[in-house]
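Reading through the structure tokens given below for one structure.
FYI, side chains are in, hydrogens and waters are out, and symmetry mates aren't considered; it's all heavy atoms of this structure. Throughout, a chain's letter reflects where its sequence line sits, starting with A, and its residues are numbered from 1.
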Amino acid sequence: MSYRPGVIERKWQAKWDADQLYRSKIDHSKKKFYALTMLPYPSGDLHIGHWYAMTPSDARARFMRMKGFNVLFPMGFDAFGLPAENAAIKSGIHPMARTRDNIVRMRGQLRSMGAMFDWEREMVSCEPEYYRWTEWFFIQLYKHGLAYRKKSPVDFCPNCNTTLAREQVWGDDRHCERCETPVIKKDLEQWFFKTTQYADELLRFDGIDWPQTVKTLQTNWIDRSEGASVIFKTETGRHDVEIFTTRPDTLWGATFMVFSPEHPLVDEITTPENKAAVDEYKVQAARQSDIQRGAVDKEKTGVFTGGYAFNPVNGARIPIWIADYVLMSYGTGAIMAVPAHDERDFAFARKYDLPIIPVILPEGQSEAVVGETAYIGPGVMVNSGILDGTKVNTEKGRKNPSIARVIDWLQEKGFGKESVNYRYRDWLISRQRYWGSPIPMVNCAIHGWNPVPEDQLPVTLPEDVEWKPTGESPLKLHPTWKHTTCPICGGPAERETDTMDTFMCSSWYHLRYLSPKFDKGPFDEEEYNYWMPVDTYTGGIEHATMHLLYTRFFHKALRDMGITEGHEPMTQLRNQGMVLGEDNEKMSKSRGNVIAPDVLVDKYGADAVRAYIMFFARWEMGAPWDSQGIEGAVRWVRRAWTLFTDPSAPGTASEETRRNLRRKVHQTLKRVTRDFENFDFNTIVSSLMELLNEMYKAREAGAVGSEEWEEAQEIYVKMMAPVTPHIAEELWTERFGKPYSIHTQAWPPVDEAAARDDFVEIPVQINGKVRDRVRVAAEASEEEITSAVMASEVIQKHLEGKTPKKVIVVKGKLVSLVV
RNA sequence: GCCGAAGUGGCGGAAUAGGCAGACGCGCACGACUCAAAAUCGUGUUCCCUCCGGGAAUGAGGGUUCGAUUCCCUCCUUCGGCACCA
């Protein structure tokens with residue numbers, strides 16, 4: 001009987017559905033396992049990349065289920081976002097209609113994968129029953145002081161017509177993460193989440209098993225630096241100036257100060273005679289883009305303000321300059337300049353002929369002199385009052401004795417204090433677009449901004465909007481939507497017309513899966529207590545500093561409000577790589593190298609596609625697609641079908657054949673079990689291919705009908721089940737007549753005794769070169785192995801009568817002779 | 001510039017703890033079956049040489065070791081992140 005994947009797959013998918021085989025319910029008698037894979041955006045077409053991300057995750061969830069865990073493996077849609085809205089502007093089709101259509105289509109495509117998704121738990125982020133709680137979370141963050149409104153220069157994508165979070169601006173040319181258009185700066189009042197409040201905690205990854213690369217990316221993104229903040233008094237101005245420095249020990253070498261052109265005190269300290277030059281420089285700096293300003297090799301420029309400050313440590317009167325190499329967005333926007341020991345300050349001092357005072361005497365030198373570059377290395381402090389003679393090393397913060405000493409002294413004198421600075425910023429969540437969750441805030445002329453009362457949630461998006469390519473949000477243009485009443489006084493007020501960043505929706509979707517229809521809160525606590533945290537989370541690494549950082553922040557903020565428990569939402573994280581086109585390039589419609597999974601499923605069946613996806617690359621690395629390569633997986637599935645459906649007559653195999661078969665089966669089971677645990681999906685399939693080849697040989701040798709053969713068949717199909725669920729079910733239930741369903745069977749235990757080798761072939765090296773192999777009992781002692789080696793004619797020939805100086809015997813592995 | 005990942009046959013990749021490099025698969029070659037083709041099955045397939053034997057080889061060079069794809073050092077290439085961050 002020939003293998004017809006289409007028929008088998010449709011049949012079992014329908015039956016599993018009807019029987020609710022993948023329905024996951026709380027069961028306190030079992031250990032829970034929450035397996036989560038990143039949810040797709042409903043673009044309308046499931047990409048091979050989705051298969052690559054989801055199939056191995058599904059296979060592993062299935063494996064965990066067979067291992068006895070009560071597994072939750074949900075699926076949903078990250079359904080807000082720009083593509084649907086842009087399509088609406090082009091075609092006039094409402095994003096909601098389009099998104100719902102796309103979801104119907106993609107649900108069908110996802111079902112064709114044969115994954116064990118529990119569809120009863122599906123969530124869709126653009127449905128009011130979901131975004132009601134996204135809004136509710138916004139209000140909780142607002143009430144706890146973690147959401148605030150601020151005017152500041154923000155990144156704006158002129159193509160997407162919206163502001164972006166810093167995390168969504170990528171690359172050297174500072175382009176939009178979605179559409180690759182370079183961003184521009186705009187001064188706007190926007191909503192932010194206080195992610196920086198959790199900066200320190202987000203740097204800790206205690207107790208979570210996440211890839212080092214993700215931890216490193218997040219750590220670099222937050223970029224903590226230790227130092228001190230120091231107060232400088234100004235001569236001309238009425239205010240003191242605070243600066244941040246990582247090198248407070250070099251304070252005695254500070255010979256001038258530099259302010260960012262945008263620094264609020266610039267006008268106050270600028271003297272009348274310098275005003276014109278300062279104003280001109282400010283205008284010029286404002287005109288330049290961040291990219292131009294940020295160019296590392298750009299020559300430093302600046303102008304003198306005419307103002308002076310006093311160095312608190314020695315009272316020195318030092319000039320204040322403005323220069324665009326000091327950024328308003330980092331630290332306090334003002335620095336002390338120590339040209340002798342900072343390359344940037346050195347270049348600036350040389351250009352404008354400012355004094356340079358060395359305060360570190362390099363080791364091995366007798367005199368501190370001004371060289372051709374700034375000196376950054378270790379040594380001893382000089383010209384530095386109380387610090388003179390203190391050792392300087394290259395450590396940061398208090399690990400450096402000179403820094404530790406000066407910080408204590410500054411604090412004692414009240415000049416400054418120990419301080420930590422981050423590059424990390426608060427998360428800008430306002431988007432000037434329609435297709436997102438409304439920000440549930442109302443602005444009243446008298447009472448300012450206030451949240452919409454929680455019993456009035458959700459604030460729903462109006463449906464009767466006009467799609468105009470003006471770049472203005474339809475919410476803003478809608479004639480009535482924004483008009484409402486103030487929750488405090490009942491007077492006329494206006495709604496916020498910006499919507500939330502869709503990363504807000506995805507920061508908590510894993511919680512909605514717990515109880516997607518629950519209407520008394522974002523999730524049912526009983527479900528939370530049983531299922532959370534997520535045990536394994538899988539997805540692409542591109543989200544390292546976006547979604548994965550946001551969702552950690554979100555969980556911690558909720559924890560502090562008493563809404564969630566534990567410190568981290570996802571215990572284990574694994575990243576899959578990317579499937580490239582056959583031309584080794586990123587798949588894209590414009591390149592014409594897109595592989596459509598639907599076509600493959602029609603041609604080969606879902607099982608073969610699943611098998612190939614797991615087989616063809618190391619999961620975390622990814623690889624280019626190979627249309628011919630898939631044939632290997634197709635052949636494997638067909639060969640398995642043929643072997644297990646061919647009613648070959650029972651034979652009479654030797655005991656050795658049967659023993660060898662059983663050994664191979666249990667060795668394979670051991671490997672496959674280990675590889676599932678380690679996410680080594682490619683070797684799972686290759687081990688199964690290898691065993692199948694052995695089983696064909698065993699059949700030739702007459703093993704069919706034996707007890708060992710029966711066991712081999714059963715274990716084999718169970719091992720196939722997570723990889724190729726349909727054919728495994730068909731073989732198990734229909735061919736072997738075993739009780740439905742294979743997917744509720746227990747994963748077979750490894751018989752270690754059966755897996756053990758009786759005999760091993762040990763290579764024998766002479767001076768590092770393999771000269772012969774000897775066959776010995778696996779348990780042979782060193783003496784037995786040695787005598788077997790010495791009995792070898794080949795070895796004797798190579799020894800040429802000499803006695804080895806050294807004999808190294810690694811039991812069961814190798815013998816090495818040194819002559 | 002700083003940080004990280006990777007580099008193994010024609011290709012994707014394997015090698016668990018420092019112990020037979022190239023499992024498994026693709027492709028290719030030859031053979032069987034066939035009138036023929038496809039499918040299927042079988043055999044072979046890292047490179048080199050004086051080919052029943054021997055030598056070289058895991059980006060390059062060095063080191064540690066009886067033994068290195070694996071550990072250490074220097075360098076090269078590719079990819080990713082950060083970057084006038086005080």
Open item on the list: Need one value for A:Glu761: base, sugar-phosphate or nothing, where a base atom within 4.0 Å counts as base even if backbone is also close, heavy atoms only.
Closed with: base
Task: Pair A:Trp625 and A:Tyr612, ring centroids less than 6.0 Å apart - done: yes
Task: Closest nucleotide among B:A83, B:A86, B:U16 to the A:Arg166 side chain - done: B:A83
Task: Crowding at NZ, A:Lys351 (>12 non-hydrogen neighbours, <6.0 Å) - done: yes
Open item on the list: Can you measure A:Asn575 atom CG to B:G81 atom C1' for me and round it to whole angstrom units?
Closed with: 14 Å
Task: Integer-rounded Å distance: B:G12 P and A:Met578 CE - done: 17 Å
Task: d(CE, A:Met546; C1', B:G81) in whole Å - done: 13 Å
Task: Touch class at under 4.0 angstrom, heavy-atom based, for A:Gly622 against every strand present - done: sugar-phosphate
Could you go over nucleotides 62-66 of chain B and give all protein N or O partners under 3.5 Å, atom names and distances?
unit_1	atom_1	unit_2	atom_2	d
B:C66	OP1	A:Lys806	NZ	3.0
B:C66	O2	A:Ser816	OG	2.7

Open item on the list: So if I take every side-chain heavy atom of A:Met689 and compare against B:C85, B:G25, B:A21, which nucleotide ends up nearest?
Closed with: B:G25
Open item on the list: More than 12 heavy atoms of other residues, nucleotides or ligands under 6.0 Å from CZ of A:Arg423: yes or no?
Closed with: yes
TODO: Could you measure between the two P atoms, the one in B:G54 and the one in B:U65, and give it in whole Å?
DONE: 29 Å
- [ ] Looking at every strand, decide which applies to A:Asn678 at a 4.0 Å heavy-atom threshold: base, sugar-phosphate, or nothing.
- [x] nothing
Task: Syn/anti state for B:C28 [syn: chi within 90° of 0] - done: anti
Open item on the list: Closest approach to the side chain of A:Phe615, judged atom by atom: which nucleotide of B:C24, B:A14, B:C84 is it?
Closed with: B:C24
Open item on the list: Of the listed nucleotides (B:G12, B:A14, B:U16), which one gets closest to any side-chain atom of A:Thr683?
Closed with: B:A14
Open item on the list: Give me the distance, rounded to whole Å, that separates B:A68 from B:G62 when you measure between the P atoms they each carry.
Closed with: 14 Å
TODO: Could you check whether A:Asp223 gets within reach of a base, just the sugar-phosphate, or nothing at all, counting any heavy atom under 4.0 Å?
DONE: sugar-phosphate
Task: Side-chain N or O of A:Lys769 closer than 4.0 Å to phosphate OP1/OP2 of B:A56 - done: yes
Open item on the list: Keeping A:Arg610 on the side-chain end and A:Pro722 on the backbone end, is there a donor-acceptor pair under 3.5 Å?
Closed with: yes
Task: Integer angstrom distance from the P of B:G59 to that of B:A14 - done: 14 Å
Open item on the list: As a test of reading the structure: which of B:A86, B:C26, B:C82 is closest to the side chain of A:Arg423, going by heavy atoms?
Closed with: B:C82
Open item on the list: Tell me whether the side-chain N/O atoms of A:Arg771 come closer than 4.0 Å to OP1 or OP2 in B:G55.
Closed with: yes
Open item on the list: Working note: A:Trp321 + A:Phe348, criterion ring pair (Phe, Tyr, Trp, His ring centres under 6.0 Å); need CA distance, chi angles, decisive distance, verdict.
Closed with: CA-CA 10 Å; A:Trp321 287 61; A:Phe348 196 76; 5.5 Å; yes
- [ ] For B:A21 and B:U74, measure between their C1' atoms and round to the nearest Å.
- [x] 25 Å
Task: Shortest non-hydrogen contact from A:Trp210 toward A:Gln218 - done: CZ3-NE2, 3.9 Å
- [ ] Quickly work out the A:Arg671 CZ to B:C24 P distance and round it to whole Å.
- [x] 11 Å
Open item on the list: With a sphere of 6.0 Å drawn around CD of A:Gln212, does it hold more than 12 non-hydrogen atoms of other residues, nucleotides or ligands?
Closed with: yes
Open item on the list: What is the distance, to the nearest angstrom, from the CD atom on A:Glu690 to the P atom on B:C26?
Closed with: 14 Å
Open item on the list: Does atom CE (A:Met790) have a neighbourhood of more than 12 heavy atoms from anything else shown, all under 6.0 Å?
Closed with: yes
- [ ] Can you tell me, in whole Å, how much space there is between the C1' of B:G12 and that of B:G7?
- [x] 15 Å
Restricting to nitrogen or oxygen on both sides, can you table the protein-nucleotides 37-46 of chain B pairs closer than 3.5 Å?
unit_1	atom_1	unit_2	atom_2	d
B:C41	OP1	A:Arg639	NH1	2.8

- [ ] Counting heavy atoms from C-beta on, name the nucleotide in B:G13, B:C84, B:G25 closest to the side chain of A:Leu327.
- [x] B:C84
- [ ] To the nearest Å, give me how far apart CD (A:Glu694) and P (B:G25) are.
- [x] 11 Å
Open item on the list: Any side-chain N or O of A:Asn220 below 4.0 angstrom from OP1/OP2 of B:G80?
Closed with: no
- [ ] Give a yes or no on whether a salt bridge exists between A:Arg756 and A:Glu779, defined as a side-chain N under 4.0 angstrom from a carboxylate O.
- [x] no
Open item on the list: Is there a side-chain contact between A:Ser225 and the phosphate of B:A86, meaning an N or O under 4.0 Å from OP1 or OP2?
Closed with: yes
Open item on the list: From CZ of A:Arg618 over to C1' of B:G12, roughly how many Å is that when rounded to an integer?
Closed with: 12 Å
Task: Proximity to the side chain of A:Gln628 - top-ranked nucleotide from B:G4, B:C26, B:C84 - done: B:C26
Task: Heavy-atom donor-acceptor pair, A:Thr195 side chain to A:Arg425 backbone, under 3.5 Å - done: yes
Open item on the list: Could you tell me if A:Ser627 and A:Glu582 have a donor-acceptor pair between their side chains, going purely by distance under 3.5 Å?
Closed with: yes
Open item on the list: Using whole Å, what does the distance between atom P of nucleotide B:G13 and atom CD1 of A:Ile684 come to?
Closed with: 17 Å
TODO: Take atom NZ of A:Lys215 as the centre, draw a 6.0 Å sphere, and report whether it contains more than 12 heavy atoms from other residues, nucleotides or ligands.
DONE: yes
Open item on the list: What's A:Trp221 touching, base or sugar-phosphate or nothing? Going by heavy atoms closer than 4.0 Å.
Closed with: sugar-phosphate
Open item on the list: Using the C1' atom as the point on both nucleotides, what is the distance between B:C48 and B:A57, in whole Å?
Closed with: 10 Å
